[in-house]
Amino acid sequence: MAGYKILQAEEKGIYVLKFVGEIRLNLCSTLDNLVESITQDPNFRTVVIDLSETEIIDSTTLGLLAKIALAAKKQSGCTPSLISTHPDITRIIGSMGFDSIFIIVSEPVSSMERLEEIPELKASEQQVRDKVLEAHKILMGMNSRNREEFKNLVHALECEETG
């Protein structure tokens, strides 16, 4: 499968996000903008994230998914769901501690006809760097393994920021 896209649907404050293809750093501004708009919706209750058609997902994207999960829990008390049908991706999200912030589901959703594609936002190098830093700080805050895993990257990005 070539390319990538993010699809979205919403019903009564429940959002469904489906990630298709290779979901990487280039979509961090798009995803962060989506996370901000969803969490600012006064009717927002929870989110279902479908990774059943995701081929590759990077740590920046995982940090932004953690951001939306934590916002859902804080705003409504509901634990969001994450659908992962690929063993490699399931192993990655498990190693990041996502089972503590998501209900992990291994079966894909059968009907997605109401999903609309989210247009990709262009971002400057600085905007991307800021999103990468934020996403990895979120991951670091989830557990000690992530803190150890990403501390050098976060330190390097912070040093780069201060010049």
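The first residue of the sequence shown is numbered 1, and numbering continues consecutively from there.
Neither side chain, Thr39 nor Lys67, offers a donor N or O lying under 3.5 Å from an acceptor on the other. A donor-acceptor contact closer than 3.5 angstrom links the side chains of Thr90 and Ser84. Side-chain contact annotation: Thr79 with Lys73, donor-acceptor N/O pair under 3.5 Å present.
Annotation for Gln126: atom CD counts as buried by contact number, over 12 foreign heavy atoms lying within 6.0 Å.
Both Val132 and Leu70 sit in one connected hydrophobic cluster of ILVMFWY residues. Membership requires side-chain heavy atoms under 4.5 Å apart, directly or through other members.
Side-chain contact between Gln8 and Leu34: present, with at least one pair of heavy atoms (C-beta onward) separated by less than 4.5 Å. With a 4.5 Å cut-off on side-chain heavy atoms, Glu10 and Val16 do not count as touching. Side chains of Tyr4 and Ile56 form no contact here, defined as non-hydrogen atoms less than 4.5 Å apart. Residues Gln75 and Thr46 are not in side-chain contact: their nearest non-hydrogen atoms beyond the backbone lie 4.5 Å or more apart. Within the 4.5 Å cutoff, no side-chain heavy atoms of His86 are placed close to those of Leu51.
A salt bridge is defined here as a Lys NZ or Arg NE, NH1 or NH2 lying under 4.0 Å from an Asp or Glu carboxylate O, and Glu148 with Arg145 fails to meet this definition. The residues Asp58 and Arg24 are annotated as not salt-bridged, no charged nitrogen and carboxylate oxygen being separated by less than 4.0 angstrom.
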Please report the C-alpha distance between Ile49 and Leu65 in whole Å, then the side-chain angles of each, then the deciding distance to 0.1 Å, and finally whether the side chain to side chain contact (heavy atoms under 4.5 Å, CB included) criterion is met. CA-CA 8 Å; Ile49 297 172; Leu65 295 183; 3.6 Å; yes

Side chain to side chain contact (heavy atoms under 4.5 Å, CB included) for Leu7 and Leu17? Distances and angles first, verdict last. CA-CA 6 Å; Leu7 304 170; Leu17 303 178; over 6 Å; no

How far apart are the C-alpha atoms of Ser29 and Lys122, what are their side-chain angles, what is the distance that settles it, and do they pass the side chain to side chain contact (heavy atoms under 4.5 Å, CB included) test? CA-CA 7 Å; Ser29 290; Lys122 301 299 178 197; over 6 Å; no

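The two atoms that bring Thr54 and Asp50 nearest to each other are OG1-O, 4.3 Å, heavy atoms only.
With sequence neighbours excluded, no residue forms a salt bridge (charged side-chain N to carboxylate O under 4.0 Å, His left out) with Arg45.
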